[in-house]
Amino acid sequence: MENTLLNTINEQLKAQFADAILSAEQEYDFPVFTVKREKIVEILKFLKENSETQFGFLTTLCGLHYPDKKGQELGVMYQLHNLQKNTRIRIKAFMPISEPTIASVSSLYASANWQERQEYDFFGIIFKGHPNLKRILNMDEMNYFPMRKEYQLEDGSRDDKNDNMFGR
């Protein structure tokens, strides 16, 4: 059923947004669509309001950081749910770390308000048009974003650990 859902939604998105759909694939149990960040509001609005898709519930909005993906280091993943058909999909949009901005979808989904603030707080992603984008969990004085993969996981100077036992 998932591949049918993937194909159906991919055809609808391609017909409506053509070159804004960068990829469509099945990841585990979710159809996943990567889209251009400039079209995120229009695409999510279409998926929410279209009578065939009806993805009216934003389950999750989370930041992504892939430091080795040059020009697309930061991203946002939206997980949408059609409650009537009990189907879910993921939409991803990526951006360069030098320009960490994407349009806010809080006007479409009320739950995005808090989730966008959280991802701003932890990843530094700026959601343009957000009604109150500020830190909510970390201190205002923090000048870094703790969920970015910019720091080593462990102190490399330690010699009292043997990581061979842990698959490293």
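Minimum interatomic distance between Phe145 and Asp121 (heavy atoms only, all atoms of both residues): CD2-O, 3.6 Å. Residue Leu6 comes nearest to Pro31 through the heavy atom pair CD1-CB, 3.8 Å, listed as atom of the first residue, atom of the second, then distance. Listed here is the closest heavy atom pair of Leu44 and Tyr109: O-OH, 3.9 Å.
Salt-bridge check for Arg135 with Asp140: failed, with every basic side-chain N at 4.0 Å or more from each acidic carboxylate O. The existence of a salt bridge linking Glu27 and Lys92 is confirmed by a sub-4.0 Å separation between a basic side-chain nitrogen and an acidic carboxylate oxygen. Taking 4.0 Å as the cut-off between side-chain N and carboxylate O, Glu150 and Arg148 count as a salt-bridged pair.
Stacking of Lys69 on the aromatic ring of Phe94 is recorded, both the 6.0 Å distance cut-off and the 45° axial limit being met. Judged by the 6.0 Å distance and 45° axis criteria, Lys85 is not positioned over the aromatic ring of Phe55.
Rounded to the nearest 0.5 angstrom, Phe57 CZ and Gln84 CD are separated by 12.0 Å. Put simply, CD1 on Ile102 and CE on Met95 are 4.0 Å apart, with the number rounded to the nearest 0.5 Å. Rounded to the nearest 0.5 angstrom, Gln16 CD and Phe46 CZ are separated by 4.5 Å. Taken from NE2 in His81 to CZ in Arg88, the straight-line distance is 6.0 Å, to the nearest 0.5 Å. Note: Ser104 OG to Ile126 CD1 = 12.5 Å, rounded to the nearest 0.5 Å. Remark: Asn10 CG to Gln26 CD distance equals 11.5 Å, nearest 0.5 Å.
Residues Leu133 and Tyr120 are in side-chain contact: their nearest non-hydrogen atoms beyond the backbone lie under 4.5 Å apart. A heavy-atom distance below 4.5 Å is not found between the side chains of Met77 and Ile91. At least one side-chain heavy atom of Ile21 sits under 4.5 Å from a side-chain heavy atom of Ile43. You'll find the side chain of Asn113 reaches within 4.5 Å of the side chain of Pro131, heavy atoms only. A 4.5 Å side-chain heavy-atom check between Phe17 and Lys36 finds every atom pair outside the cut-off. Taking the side chain as every heavy atom from C-beta outward, Val76 and Cys62 never approach each other to under 4.5 Å.
Between the side chain of Gln115 and the backbone N or O of Leu61, at least one donor-acceptor pair lies under 3.5 Å. Judged by distance alone, with hydrogens and angles left aside, the side-chain atoms of His130 form no donor-acceptor pair with the main-chain N or O of Ser106 at under 3.5 Å. Here the side chain of Arg37 pairs a donor or acceptor atom with the backbone of Thr101 at under 3.5 angstrom. Remark: side-chain polar atoms of Arg117 are not paired, donor with acceptor, to backbone N or O of Ile136 under 3.5 angstrom. Not one N or O on the side chain of Glu99 forms a donor-acceptor pair closer than 3.5 Å with the backbone of Ile97. Without hydrogens or angle criteria, Lys48 side chain to Leu58 main chain gives no donor-acceptor distance under 3.5 Å. A donor-acceptor pair is defined here as one N or O able to donate and one able to accept, closer than 3.5 Å; such a pair exists between the side chain of Glu116 and the backbone of Val105.
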Would Lys39 and Val35 count as a side chain to side chain contact (heavy atoms under 4.5 Å, CB included) here? Give the steps. CA-CA 7 Å; Lys39 295 287 187 181; Val35 303; 6.0 Å; no
Using side chain to side chain contact (heavy atoms under 4.5 Å, CB included), reason through Arg90 and Phe33 one step at a time and then give a plain yes or no. CA-CA 6 Å; Arg90 289 186 179 132; Phe33 302 91; over 6 Å; no
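Hydrophobic cluster membership differs between Val32 and Tyr66, with clusters built from Ile, Leu, Val, Met, Phe, Trp and Tyr side chains linked at under 4.5 angstrom. The hydrophobic clustering, which links ILVMFWY residues whose side-chain heavy atoms are closer than 4.5 Å, places Phe122 and Trp114 together. Both Leu137 and Phe127 sit in one connected hydrophobic cluster of ILVMFWY residues. Membership requires side-chain heavy atoms under 4.5 Å apart, directly or through other members.
Between Leu47 and the choices Leu108, Ile9, Asn82, the side-chain contact (heavy atoms from CB on, under 4.5 Å) rule is met once, by Ile9.
Heavy atoms from other residues, nucleotides or ligands lying under 6.0 Å from CE of Met147 number 12 at most.
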